[in-house]
Amino acid sequence: MWFSKAKPHLETDVIVIGSGGAGLTAALAASQGGAKVVVIEKSSRVGGTTAVSGGVLWIPTNHHMRAAGIADSRAEALTYIKRLADGRSDDALIETFVDEAPQMLKFIEEVTPLKFAALPRYPDYHPEFDGAKPGGRSLDPGLFDTKLLGPWREKLRRSPVFGMTAMSVTEATEWGVFAKPRALPFKLLGQRFSEGLVCYGGALVGGLLRALLDRAIEPMLSTSARELLVEDGRVVGLRVEKDGKPLVLSARRGVILASGGFEWSKELVARFLGGLITHPNSPPTNEGDGLKMAMALGADLGNMNEAWWCPSIDIPKEEYDGQQLHRGDFAIRSLPHSILVNRRGRRFVNEAHNYNDMMKPFFTFDPVSYDRPNLPAWLILDAQFVERYALLTVIPGMPVPEWIPKAATLRELAAKIGVDADGLDATVARFNGFALAGVDNDFQRGASLYDHFYGDPEHRPNPNLGTIEKGPFYALEVHPGAIGTKGGTRVDARAQVLHVRGTPIAGLYAAGNVMAGITGAGYPGAGSTIGTAMTFGYIAGRAAARAQ
Amino acid sequence: MPEVEYSTTMRLAPESVWEFVRDMNNWAPFLTGYQGHEIESDTDSVWTLKGDVGVLSRTVRLKAHVTEWNGPERVSFTLVGLDEVVEGGGTLTIGKPSELMAPARGPSLWRRFVDGIFRWLFRAMHGKGPRRLQTSRADAASQLTFKLRMDAGGPSGPLVNAMLAPALKPAAEDLANKIAAHLETLHGVG
């Protein structure tokens with residue numbers, strides 16, 4: 001451990017590293033607890049991974065679902081989460097989450113302008129499992145007017161995918177954003193954009209930031225954490241680099257790591273995830289800075305081989321923060337007239353399953369060929385799809401871009417993309433039979449309430465199954481992506497980081513994707529990432545404020 | 001439909017400015033986000049530009065067609081997206097400052113300040129000195145006005161136009177200022 005004798009440039013009670021949902025909630029909770037708080041952010045924008053997300057919170061037994069008449073219970077929530085965690089998480093932390101999350105939600109609504117709405121038709125991601133709900137646990141932050149941020153308006157991170165349009169999750173659901181793109185009120189959305197309204201993760205972070213500014217806490221932007229400082233076995237501050245200059249920040253009560261995952265660090269992804277995340281969906285600043293600093297102090301790690309997986313598609317030369325943007329695919333694979341195949345032209349998964357779990361068969365390893373036969377993977381679509389549904393940013397009626405492989409026949413398309421033509425022909429013939437019958441006998445696509453949520457409710461006989469028979473045919477390569485990594489520092493019920501010997505590291509807390517995820521490999525429902533992140537941020541902030 | 005107009009002045013006769021502007025090869029690289037261009041004929045070319053749409057940056061190809069060569073006063077052109085549903089057009093107009101802009105509507109103090117900063121930066125980068133127009137030498141002065149309009153089509157057009165609008169004005173200012181600074185440097189009037 002490093003012992004600090006450097007004179008600090010800034011002294012405070014609590015330092016929060018990161019300005020996503022976990023960090024901003026931790027800062028608000030610590031401030032509410034009477035602590036003087038400093039928030040540092042590596043990028044030049046506030047919001048982290050949360051700001052580019054859907055901004056939804058997954059909170060079991062929340063008061064909004066109760067008001068909407070949707071019953072829920074602690075026991076049901078625990079049963080459901082523990083099944084998904086599959087024994088790979090600490091049961092006590094799952095219980096902590098279920099108990100604290102509703103309190104966190106009330107706290108956020110008390111101290112910020114945010115008012116959430118339950119999404120009664122957004123089902124948990126395994127709605128047929130014991131303890132799951134068909135809706136209500138996922139919460140929509142609604143719209144946020146960025147003019148409320150004053151000069152900080154331009155410093156709010158904007159999502160490249162979610163939130164390019166100011167459309168709340170509730171509206172997106174009601175308007176049929178995926179199934180009926182032509183019917184969207186684009187004129188209204190343009191007006192809202194011009195007026196500075198944001199939604200999804202931008203709305204959530206906007207509300208949190210407004211509350212922080214009301215407490216005279218202005219995040220220090222472009223400030224990278226470099227090293228935790230320790231005195232007498234306690235974390236007492238950290239070294240940072242702001243605009244290229246080294247600074248020493250002192251924290252009397254504690255440092256909270258909320259610095260996000262490590263999905264943009266090729267080194268860490270190679271070491272812990274076999275290099276499998278090639279197309280992360282988050283801001284490129286998520287390089288595991290907080291994780292490395294905690295490891296240097298001997299922090300114990302957990303869930304390191306897991307991520308919040310998400311299949312991803314690239315539009316060539318489309319950039320965000322100076323990097324190729326990797327778009328998460330939530331709907332193309334779920335709507336009728338599409339299938340996902342491997343290089344043998346075979347389907348290998350229920351395409352409409354939730355984005356986290358449907359990614360896992362991408363990594364199937366063949367010990368004989370000693371490779372991964374499901375990579376590369378291709379979405380195959382026909383003309384019926386492009387006539388009805390949005391293809392990335394292409395609305396029906398607009399020309400399909402030239403970069404998307406296109407052919408008059410499936411065999412020609414297979415040759416263009418290097419897929420076995422006989423295999424593809426056979427797969428499509430079999431799938432078309434399923435589509436006409438409305439039952440997928442191979443992978444049960446369209447059997448779950450979750451699948452239907454991302455399908456076309458007006459399509460018969462099954463909202464997720466449509467024939468692939470009308471040329472021209474199109475192909476999109478689907479890459480292994482992730483919203484963020486899910487492994488990190490192990491913590492106790494106070495969100496205090498644990499040393500490899502099992503004892504808490506004094507003065508060091510963690511929340512969000514830098515913390516070992518409590519759901520193991522599972523993804524309980526929309527907003528699980530942010531719901532757990534903000535809950536442990538809330539716990540960490542309160543605990544740090546109370547520390548002596 | 002997003003549409004912008006921007007004017008700047010130079011210590012050069014309109015004929016000198018026209019000699020430069022009439023050849024698209026001369027000024028195409030000054031377009032914001034310029035990646036490349038191909039001349040297809042006297043009137044047609046394809047421009048590849050990297051531009052911002054909201055927080056995204058996209059590389060687009062635009063087919064430019066010159067609809068009017070009216071030297072030494074004006075060149076007009078249309079633009080059609082080859083990869084995106086977008087069309088538009090613009091004009092580069094050259095004239096004497098007094099013909100195009102009444103004194104009472106001259107550049108604001110802020111505008112002159114910004115122009116001055118831009119030209120100072122240009123001098124710092126290129127080593128020669130474009131300077132502010134000396135109005136006493138109006139016979140050797142030009143005003144370059146760039147009008148640009150872009151219109152996204154398709155059902156999502158109204159939304160895309162809202163996203164495009166904030167990027168157009170800086171693009172028009174950038175092109176006009178770069179042409180002005182380049183020409184003044186080239187002719188040693190700075």
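Computed from a prediction, not measured in an experiment: that's the story for all the values here. Quick note on labels: first sequence line is chain A, next is B, and so on, each numbered from 1.
Checking A:T285 against A:R157 by side-chain atom types alone, no donor-acceptor pair falls below 3.5 Å.
Heavy atoms closer than 4.5 Å to chain B are found in the side chain of A:I315, but not in its backbone. Proximity to chain B (any heavy atom under 4.5 Å) is shown, for A:L189, by both the backbone and the side chain. For A:E402, the part lying near chain B is the side chain, with the backbone staying farther off; criterion is any non-hydrogen pair under 4.5 Å. Looking at A:P396, the atoms closer than 4.5 Å to chain B (heavy atoms on both sides) all sit in the backbone: N, CA, C or O.
When the candidates B:G154, B:A165, B:P158, B:G157 are compared by the number of heavy-atom contacts under 4.5 Å with chain A, B:P158 comes out ahead. Contact count against chain A (heavy-atom pairs under 4.5 Å) is highest for B:S156 among B:P166, B:S156, B:A162, B:G153. The most heavy-atom pairs under 4.5 Å with chain B, out of A:R182, A:K317, A:K187, come from A:K317.
A:K470 and A:D382 are not joined by a salt bridge, as no carboxylate oxygen comes within less than 4.0 angstrom of a charged side-chain nitrogen.
In this structure, B:E84 and A:M398 have side chains that are not in contact, with every pair of non-hydrogen atoms separated by 4.5 Å or more. A:V394 is not listed as a side-chain neighbour of A:I404, based on a closest heavy-atom distance of 4.5 Å or more.
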Inset, instruction - Go through A:R388 and A:E458 one step at a time and tell me if the salt bridge (charged side-chain N to carboxylate O under 4.0 Å, His left out) criterion holds. - result: CA-CA 11 Å; A:R388 291 175 172 81; A:E458 294 176 4; over 6 Å; no
Inset, instruction - Evaluate the criterion ring-ring contact (aromatic ring centres under 6.0 Å, His included) for residue pair A:F330 and A:Y355; output intermediate values, then yes/no. - result: CA-CA 7 Å; A:F330 299 92; A:Y355 41 91; 4.8 Å; yes
